[in-house]
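Note that these values count all heavy atoms, side chains included, but never hydrogens, waters or copies made by symmetry. To find a chain, count down the sequence lines: A is the first, B the second, and so on, and within it residues start at 1.
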Amino acid sequence: MINIYIGPLILGLLLGFVLGTRIRDVPRSGLKFTTPVYLVFIIVAFIMAYALGPFPYYVDVPLASGFVAAAVGIILGKLTFGRGTKPQAEN
Amino acid sequence: MSTILKIFVFPAAMVIMCLGVLTILGGHITPGGGFQGGAMIAAALIFCLIVYGLKDSPLHLSHDFLAGVESVGALLFVLLGIAGLVFSGFYLYNLGVDIYHIVPVAIKNLFDYPDPTHAGILPYLNFAVGLKVMVGLTAVVISFMGFKEYEKGSTETNVEDLDYEEVE
């Protein structure tokens, strides 16, 4: 059975979520970051997390679990609060 | 900025932010910590601001958000310090996560970092410092960029154009 240390996961998810909520689309910039961008980001995040490895003594899974939690948090934050925000100029 | 940069920077900034978060989380056991991780996250935000500009940045950093995160970071740090003062008589005393053995095991395991150091409140202090540094450094750059925008739109006399002999 895999024993996952939950402390770093929660804090990483929380910080990632806060950062993810700030993502918004800016149509006038001409660039659109669509779903494939975030899919590639998740894949790259997993590869990087595997390459970084876990913290010393946190060898529950062979990944930097905080890194993955932050990446998932960013995506969750983007999906929940990251859409439909006002452009910065109007704020 | 060039289109290549505009395509590349936002995904790269997300990865840098994750690396910053990891640096904050491992602050008690690996090189790094709240300041270093916060500076890395701020670097990612600044990267976006410089490439996309203040108005078109895909990371929307409003005044309320910056003020809120800064306040949460400061309050968390102060409250953890006061908890030490209340329970031990020393400000910022490292209480651990099991105060007087009254915390249930399930909650203790949730908040404990199970490495040999048993860092107690240190990871949470790192978290608070990370929030503050992230917002503080980003706010400086946003201010400078805002001043530049203001300078473009202002009708005030440029300092370099002043005739100093006339002023004296």
What pairs with Ser2(B) under side-chain contact (heavy atoms from CB on, under 4.5 Å), at least two apart in sequence or on another chain? Ile4(B), Leu5(B)
Assess whether a salt bridge exists between Lys78(A) and Asp25(A), defined as any Lys/Arg side-chain N lying under 4.0 Å from an Asp/Glu carboxylate O. yes
For Phe65(B), I'd like to know if atom CZ has over 12 heavy atoms of other residues, nucleotides or ligands within 6.0 Å. yes
Between Tyr124(B) and Leu11(A), is any pair of side-chain heavy atoms under 4.5 Å apart? yes
Under 4.5 Å, counting heavy-atom pairs only, tell me which of Val69(B), Leu22(B), Leu45(B) racks up the most with chain A. Leu22(B)
Side-chain donor or acceptor of Arg22(A) paired with backbone N/O of Leu61(B) under 3.5 Å: no
Between Leu76(B) and Leu125(B), is there a side-chain heavy-atom distance shorter than 4.5 Å? no
Per-residue contact mode, Ala71(A) against chain B (heavy atom under 4.5 angstrom): both
Residues of residues 32-42 of chain A contacting chain B, heavy-atom criterion under 4.5 Å, by residue number: Phe33(A), Val37(A), Tyr38(A), Phe41(A)
Okay, Ile24(B) and chain A: the region with an atom under 4.5 Å from a heavy atom over there is side chain
Considering only heavy atoms, which portion of Leu19(A) lies under 4.5 Å from any heavy atom of chain B: side chain, backbone, both, or neither? both
For Tyr57(A), is the OH atom crowded, meaning more than 12 foreign heavy atoms sit under 6.0 Å from it? no
If we only count heavy atoms from C-beta on, is the Thr80(A) to Phe17(A) side-chain gap below 4.5 Å? yes
Atom CE of Met40(B) and atom CE of Met17(B): how far apart are they, to the nearest 0.5 Å? 12.0 Å
Are any non-hydrogen side-chain atoms of Leu52(A) and Phe67(A) less than 4.5 angstrom apart? yes
Residue-level interface, residues 25-39 of chain B with chain A, non-hydrogen cut-off under 4.5 Å: Leu25(B), Gly26(B), His28(B), Ile29(B), Thr30(B)
Test of understanding: with salt bridge (Lys or Arg N to Asp or Glu O under 4.0 Å), list the residues that count as partners of Lys132(B), not counting sequence neighbours. Glu70(B)
Within a strict 4.5 Å, meaning less than it, do heavy atoms of the Ile23(A) and Phe10(B) side chains meet? yes
Measure distances from Ile41(B) to the heavy atoms of chain A and classify the residue's part below 4.5 Å as side chain, backbone, both or neither. side chain
